[in-house]
Protein chains: 2
Amino acid sequence: MVREQRRLNLEDIARMSGVSRSTVSRVLNDDPKVSDAVRTRVRTVLTETRFHPNAAARSLATHRTGIIGLVFPRVFTMMFTDPWASVLIKGCLEGSERADLSLVHMLVSTDDQASVDRFFERSVTGRHLDGVILGSHVLGDKLVARLQEEDFPYMLIGRDEHRTANFVDIDNRQAARIATQHLIDHGYRRIVHLSGPPDLVTALDRQDGFFDAIREAGNDPDTVQVECGYFEQVTGFELTLRLLQQPDPPDAIFAADDAMAIGAIQAARELGRSVPNDVAIVGFDDIDMNRMYRPELTTVRQPSDALGRTAVGILSTMITNPSTTPVQRWLSAELIVRGSCGCSFSNSRANGLVQGKEGSPFGPGPNNLIVQT
Amino acid sequence: MVREQRRLNLEDIARMSGVSRSTVSRVLNDDPKVSDAVRTRVRTVLTETRFHPNAAARSLATHRTGIIGLVFPRVFTMMFTDPWASVLIKGCLEGSERADLSLVHMLVSTDDQASVDRFFERSVTGRHLDGVILGSHVLGDKLVARLQEEDFPYMLIGRDEHRTANFVDIDNRQAARIATQHLIDHGYRRIVHLSGPPDLVTALDRQDGFFDAIREAGNDPDTVQVECGYFEQVTGFELTLRLLQQPDPPDAIFAADDAMAIGAIQAARELGRSVPNDVAIVGFDDIDMNRMYRPELTTVRQPSDALGRTAVGILSTMITNPSTTPVQRWLSAELIVRGSCGCSFSNSRANGLVQGKEGSPFGPGPNNLIVQT
DNA sequence: TATTCCTGTGGGAGCGCTCCCACCCAACTC
DNA sequence: GAGTTGGGTGGGAGCGCTCCCACAGGAATA
């Protein structure tokens, strides 16, 4: 085991190419103030020796590590088996590759002060990270406030409850309104909403949108049934199993995410009910897996990978170029109409495009661009 | 933006608690050679100031970063939407938390020299990482050889083709043999195997096990149909759709993973065929999602999370305590018999326990313990 | 009482970079 | 020909830790 052999450093490369340490450093950092002759000479040595500067030393000198964190609240550990989250993570990875950053995965119990402290000590105070992406935002989250307090670069996936933080999101409320509207237009009258965890802003927004549509149709929101659970297939399965066996079962279900919607389809099938004839189902997310279920799921498509990519992209610029005002960006979502809602045609798009621009509660503005990444 | 204000360092803490830099460092590192009086005094200052040592400086001095990488071959980008991989990642995360390490996610094109080089420069030569976990192993992978050459701590999830590398695995061949055997015992005669990517050792092992069982039953392996594809639900769906419409369709399918098996069930349903009456289906992995499909999937349960946890645990000790001989560990797998194979009972376990110990091609030995993590 | 030992503490060097400042020397200006 | 640029280069300091060595001083030993 020769692990402990001394590795090359700048000094060595300098000696080997007959220049000084500083010049080698300049070549490594693409400083234009190096003559072409010297540059090529150093570059040759660099490639021959396969040299790469020590990350720790570089960080120590530059106060930058090139690492960003992707934090999920521990409550959502099941995120890792969630197809939506997987796509989000993929988007974040692509974004970090583009920005030449490394992505560290971490779980933090955002409701537990000790856990938050531990995260802060290691990652923020210890300057382990340059910035952080928060995978989802829970009400009363102590993390965001603390990050703001410390002026530490961060980006939320999904807005915060006060809309004062940095975030990338889609207009969940508007999208849910349009999806519910679509069911109402079909003539369904007993529509149940399968909602997500009640402390997740995203879930609440979709719930609000659902109620908006109910109200607009002239119905009393108080008479409408909403069931909460995790954003999981099993949850959708179990809730629907129970709902369909009620005395007065729903004729339509709007699920707050596709996993639950697929679970709902499974449950209907289990009970021998037809989708959409006995019960229509609409989901949210448009995960890849939908292709395999019959009837195909009508759902809201949200650009989960773009959400991740955009968040990392913005974070990256925030790291080098701190912003004093909150950076908030809205991406577009759209209703994808397939068979599960009772539409006879398939694979077409309704006119329910929820644009980042017009659909945003903020109206048009520099922070509300539609970003196609 | 007060980002650039000077942060506290050891010197400051030393001054504030009336001791030297060295002593503070000792307290931080739990060095026993500090008197209790001094220790408590320093600790108080430490908590009051919420001080945490700078990670980069520490790394520079200790030659250790506390970061390990989780590398997936880029070919398997879809891994991120794979429930099996999600559980593996979760296991790795748990392991790193236990070992007080950070986990960095990365994708490397293992078949592309430039990509491998880039990874090496940044992460290995640049000492960005202390060690690396390889999420799956592709035949002819240039990564492992290079890691060995550089004496860099690594751990494979799944064995390498020569069995010379460090790895954690289950005995895929034996497990697949038992699963196939089970189908043969049921009297199925036209069994088709849905295999994974042909350059993935895991897929090949399962294929070998399938052929072992075929051969043992006195059949000619050459007459048996094997279809290759990705470890995805859609693949299983499409392959099975085609298979079942053949002139002489299979009466049983052994899928190399559950995602494909579920896809196969979906396809059978699409064509109005009954599982298991028209076609029996057996999977591999025992992912959580199986609970929702009817009939419930007979499958091989492998401890994916333990695989990840164990790999990280071993890697962690390898980092502090380099080993000269390959570290190879086999975990147990077992056949879970449910309805999809045609067994009338459900949720019971067959006697097909594939233990790490006896089942391993290596026989018992220090590297072949059954680890229950 | 003198010597050795041991525990606890302080200080200096060093980890491998970046960045600032000083400097050199050719090319220009007047 | 003296003075002034300015591109290109080198050297020193410093980033914030750890680790080794030196050393003080009380306890144990002779």
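All values reported here derive from a predicted model rather than from experimental measurement. Throughout, protein chains are lettered first and strands after them, A, B, ... in sequence-line order, and every chain is numbered starting at 1.
Comparing D:dC15, C:dC15, D:dG10 against the side chain of B:His63 picks out C:dC15 as the nearest. Candidate nucleotides C:dT18, D:dT9, D:dT18 were compared by shortest atom distance to the side chain of A:Val38, and D:dT9 ranks first. Comparing D:dT18, C:dC17, C:dT9 against the side chain of B:Arg26 picks out C:dT9 as the nearest. Minimum atom distance to the side chain of B:Asn9 is reached by D:dC17, of the listed D:dC17, C:dG16, C:dG10.
Each of B:Gly18 and B:Ala61 was matched to the nucleotide of DNA chain C holding its nearest heavy atom; the match closer to the 5' end belongs to B:Gly18. Of the two residues near DNA chain D, A:Arg21 and A:Lys33, the one whose nearest nucleotide lies more 5' is A:Lys33.
The side-chain contact (heavy atoms from CB on, under 4.5 Å) test with A:Leu134 is passed by exactly one of A:Val71, A:Asn166, A:Ile157: A:Val71.
Rounding to whole angstrom units, CG of residue B:Asn54 and P of D:dG16 are separated by 7 Å. If you measure from atom CG of A:Leu28 to atom P of C:dG16, you get 15 Å, rounded to the nearest angstrom. Here C:dC19 presents its P atom at 7 Å from CG of A:Asn29, a figure rounded to the nearest Å. Between the CD atom of A:Glu11 and the P atom of C:dC15 there is a distance of 10 Å, given to the nearest Å. The interatomic distance linking B:Asp12 (CG) with D:dG16 (P) rounds to 9 Å, in whole Å. Distance, B:Ile13 CD1 to D:dG16 P: 12 Å, rounded to whole Å. Remark: P of D:dG16 and CG of B:Leu10 are 10 Å apart, rounded to the nearest angstrom. Taking atom CG of residue B:Leu60 and atom P of nucleotide C:dT18, one finds them 12 Å apart after rounding to whole Å.
Residue contacts shown for B:Thr23 are limited to sugar-phosphate atoms, with no base heavy atom under 4.0 Å away. Within 4.0 Å (heavy atoms only), A:Ser22 reaches at least one base atom of the nucleic acid.
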For B:Asp36 and B:Thr40, run side chain to side chain donor-acceptor pair (under 3.5 Å): C-alpha distance rounded to whole Å, both residues' side-chain angles, the deciding distance at 0.1 Å, then the answer. CA-CA 6 Å; B:Asp36 288 347; B:Thr40 32; over 6 Å; no
Under the salt bridge (charged side-chain N to carboxylate O under 4.0 Å, His left out) criterion, do A:Arg43 and A:Asp30 qualify, and how do the steps go? CA-CA 11 Å; A:Arg43 284 245 170 93; A:Asp30 288 322; 3.2 Å; yes
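Between A:Glu150 and A:Arg146 there is a salt bridge, since at least one side-chain N of the basic residue sits less than 4.0 Å from a carboxylate O of the acidic one.
Of all non-hydrogen atoms in B:Ala165 and B:Gln148, the two that sit nearest each other are CA-NE2, 3.8 Å. Between A:Ser17 and A:Val24, the shortest heavy-atom contact is OG-CG2, 4.5 Å.
Cation-pi contact between B:Arg50 and A:Phe120: absent, since separation from the ring centre below 6.0 Å together with deviation from the ring axis within 45° is not met.
Below the 3.5 angstrom threshold, one finds no donor paired with an acceptor across the side chain of A:Arg7 and the base of C:dG16. Donor-acceptor pairing under 3.5 Å, judged by distance alone, is absent between the side chain of A:Arg127 and the base of D:dG16. No donor-acceptor contact under 3.5 Å links the side chain of B:Ser35 to the base of C:dG8.
The side chain of A:Ser25 places an N or O atom within less than 4.0 Å of a non-bridging phosphate oxygen (OP1 or OP2) of C:dT18.
Listed in residue order, the members of residues 43-53 of chain A having a heavy atom less than 4.0 Å from DNA chain C are A:Phe51, A:Pro53.
Rounding to the nearest 0.5 angstrom, the gap separating the CG atom in B:Leu315 from the CG atom in B:Leu156 is 11.0 Å.
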